[in-house]
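Accompanying notes for the structure given below.
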Amino acid sequence: MQTIQSVAEMQQWSSIQKRSGRRIGLVPTMGYLHDGHLSLVRQARQECDLVVVSIFVNPMQFGVGEDFEEYPRDLTRDCALLEQEQADVVFAPAVKDMYPPGYSSFVEVEGEITTKMCGASRPGHFRGVTTVVSKLFHICQPDLAFFGQKDAQQAMILEKMVRELNFPLKIVRVPIVREEDGLALSSRNVYLNPQERQEALVLSQSLQAARQLIMDGERDVEKVKDFIRNIIATSPGAQIDYIELNKADDLASLPRIEGKVLIALAVKFGTTRLIDNLLVEV
Ligand code: PAF
């Protein structure tokens with residue numbers, strides 16, 4: 001496995017591989033890898049000739065007062081894990097190489113898809129994501145790019161960006177990986193103290209219970225939201241950011257529950273904001 005830090009070198013490597021006809025799979029990450037990331041790498045390994053994993057904590061997608069400085073980082077450990085998964089390249093650029101002084105170019109997907117849910121609580125976040133991912137696509141030139149369903153809104157926005165800006169690649173969404181007790185894997189789980197870790201189980205539990213309620217015939221969006229809110233309220237430390245039910249293909253609002261629905265939650269436990277989601281089809 002090779003580690004490349006320079007943007008120019010990475011772009012040159014990708015161009016050479018493309019010319020030789022090899023299929024490149026890209027797994028964009030911010031590092032501090034867990035099994036959720038590794039499931040993306042495994043899928044990329046199965047579907048592509050070459051696997052590039054980018055590790056870049058992207059300052060542009062963090063708002064003022066968010067955890068950019070504290071975001072967990074451990075490149076040595078990440079590289080050891082990726083070596084085991086037989087990744088070909090770790091691309092770990094420096095901030096000043098990605099955003100040199102005077103940098104002022106951005107990629108933005110507009111509309112409801114980026115302004116609701118995490119877009120409402122984290123203004124500018126998705127502009128940071130679409131900008132950095134566009135840059136990574138140009139630099140790494142993947143045929144396939146792998147993203148987790150845990151960040152369902154992010155995956156949906158990136159799919160729209162790829163479609164509308166004609167990027168010559170396909171996005172592959174990989175299912176959420178959970179701990180045995182249901183907590184969705186996230187690099188931010190390390191911030192949770194034992195009490196918060198226990199309370200955070202209400203995320204997956206309320207999603208499962210909501211799915212059952214819908215399967216039993218409930219079709220009223222507000223009633224399902226109230227039902228989830230009441231379950232989350234049983235955790236004294238939980239502060240709800242949002243509970244949303246939207247159309248699963250474009251996040252459009254739903255007058256009633258029908259078709260493919262994304263139930264999505266963002267809840268804070270102490271200072272740690274976690275997200276989770278579930279797809280239901282009726
Ligand atoms: O999902 C993430 O880890 C990040 O948003 C991504 C896609 C790597 C862009 O920085």
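Just follow the structure's listing: the first ligand is 1, and inside any ligand the first atom is 1. If you read the sequence from its start, that first residue is 1, and numbering goes on from there. Keep in mind that the numbers below use all heavy atoms, side chains included, and drop hydrogens, waters and symmetry copies. Note that the coordinates shown come from a computational prediction; the quantities given were computed from them, not determined experimentally.
For ligand 1, the polar-atom distance check finds no N/O of T29 at less than 3.5 Å from any of the ligand's N/O atoms.
The shortest contact between atom 1 (O) of ligand 1 and any protein heavy atom is with Q154 NE2, 2.9 Å. In this structure, atom 3 (O) of ligand 1 lies nearest to the protein heavy atom M30 CG, 3.7 Å. Atom 9 (C) of ligand 1 has Q61 OE1, 3.3 Å as its closest protein atom, hydrogens excluded (heavy atom only).
A donor-acceptor pair is defined here as one N or O able to donate and one able to accept, closer than 3.5 Å; no such pair exists between the side chain of K150 and the backbone of S186.
With a 6.0 Å cutoff to the six-membered ring centre and a 45° limit on the axis angle, R211 does not count as a cation-pi contact of F227.
Clustering of Ile, Leu, Val, Met, Phe, Trp and Tyr side chains at separations under 4.5 Å places V174 together with M1, V27, L33, L38, L40, V41, V51, V53, I55, L75, L81, L82, V90, L144, F146, V172.
When the side-chain contact (heavy atoms from CB on, under 4.5 Å) test is applied to E281, the partners found at least two apart in sequence or on another chain are K260.
Counting the atoms of ligand 1 from 1 in the order shown, those under 4.0 Å from a heavy atom of V132 are 9 (C), 10 (O). Close approach of ligand 1 to P28 is summarised as follows: ligand atoms under 4.0 Å from at least one heavy atom of the residue are 8 (C).
Side-chain contact between L245 and I214 is present, with heavy atoms from C-beta onward closer than 4.5 Å.
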